[in-house]
Amino acid sequence: MAEGLLLAWSSPVSQESVAEFEKWYEEVHIPEVRAAIPSISAVERYELVDPERGPSGRFLAVYRMDDADLAKAAAALAEGVASGRIRMTTAMDVTNDPPATQWYRAHNA
């Protein structure tokens, strides 16, 4: 079981930019985030789907971490973005449907 999770929601800026967004996310963003946070053991991506209407264009990335030191991971992510080691893309919507992140620590009963 993962000790921590980073959940990251994001959307492409338009329907026309989906392919560019997907390519950047898989080939650039995930590798750069994994380099910044070495405790990431796996990454899965999902698209939000309304069963009656279909895909929404909103995506979720689940980063599983072997370490519960979420403050350290969050600081490493912020430093990676600030330093430019984690690059962003104009294909991601940062205005109308901006990215959002949440951090979770495993809750062992």
Side-chain angles (χ1 to χ4, degrees):
M1 178 171 77
E3 293 297 317
L5 296 175
L6 165 58
L7 304 182
W9 287 269
S10 59
S11 302
V13 72
S14 68
Q15 191 61 37
E16 295 75 32
S17 66
V18 171
E20 179 184 350
F21 174 81
E22 289 286 348
K23 180 177 173 62
W24 164 80
Y25 215 101
E26 292 293 331
E27 296 178 12
V28 176
H29 193 62
I30 289 174
E32 290 177 351
V33 171
R34 290 188 84 160
I37 306 173
S39 66
I40 293 174
S41 58
V43 180
E44 294 105 24
R45 292 188 64 225
Y46 303 89
E47 183 175 12
L48 177 64
V49 174
D50 179 325
E52 294 180 14
R53 294 186 205 154
S56 70
R58 184 73 167 167
F59 295 89
L60 168 65
V62 178
Y63 297 85
R64 297 181 185 281
M65 292 174 282
D66 292 333
D67 187 342
D69 190 344
L70 301 183
K72 178 180 175 183
L77 181 63
E79 195 281 324
V81 172
S83 70
R85 287 193 336 267
I86 296 176
R87 296 168 286 164
M88 303 315 274
T89 178
T90 58
M92 181 169 37
D93 189 344
V94 296
T95 305
N96 297 318
D97 200 3
T101 57
Q102 291 183 325
W103 298 84
Y104 289 85
R105 180 178 12 258
H107 183 73
N108 300 319

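For reference, positions follow the sequence shown, starting with 1.
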**Message:** Give me the atom names and distance for the closest heavy-atom approach of L5 to M65.
**Reply:** C-CE, 3.6 Å

**Request:** Please report the closest heavy-atom contact between A91 and S17, naming both atoms and the distance.
**Result:** O-OG, 3.6 Å

Does one hydrophobic cluster hold both [X] and [Y], with members joined at side-chain heavy-atom distances below 4.5 Å?
| X | Y | answer |
| --- | --- | --- |
| I37 | V28 | yes |
| L7 | V43 | no |
| I30 | I40 | yes |
| W9 | V62 | yes |
| V33 | V94 | no |

Quick one: [atom1] on [X] to [atom2] on [Y], what's the gap to the nearest 0.5 Å?
| X | Y | atom1 | atom2 | value |
| --- | --- | --- | --- | --- |
| D66 | E3 | CG | CD | 7.5 Å |
| L60 | L48 | CG | CG | 9.0 Å |
| E20 | T90 | CD | OG1 | 5.0 Å |
| L6 | Q102 | CG | CD | 9.5 Å |
| S39 | R34 | OG | CZ | 10.0 Å |

**Request:** Measure from the side-chain N and O atoms of E47 to the backbone N and O of G57, and report whether any donor-acceptor pair falls under 3.5 Å.
**Result:** yes

**Message:** Under 6.0 Å between ring centres: does that hold for F59 and Y25?
**Reply:** no

**Prompt:** Can you name the salt bridge (Lys or Arg N to Asp or Glu O under 4.0 Å) partners of R87, sequence neighbours left out?
**Reply:** E32

**Prompt:** Of all residues at least two apart in sequence or in a different chain, which pass the salt bridge (Lys or Arg N to Asp or Glu O under 4.0 Å) check with E22?
**Reply:** R45

**Message:** Is it the case that atom CD in Q15 sees more than 12 heavy atoms from other parts of the structure closer than 6.0 Å?
**Reply:** no

Mind checking side-chain hydrogen bond (donor to acceptor under 3.5 Å, both in side chains) for [X] and listing every partner two or more places apart, or none if nothing turns up?
| X | answer |
| --- | --- |
| K23 | E27 |
| R85 | E79, S83 |
| D97 | S11, R58 |

**Item:** Any residue meeting side-chain contact (heavy atoms from CB on, under 4.5 Å) with V81, in chain and number order, not counting sequence neighbours
**Value:** I86

**Prompt:** Do L77 and W103 touch side chain to side chain, with heavy atoms closer than 4.5 Å?
**Reply:** yes

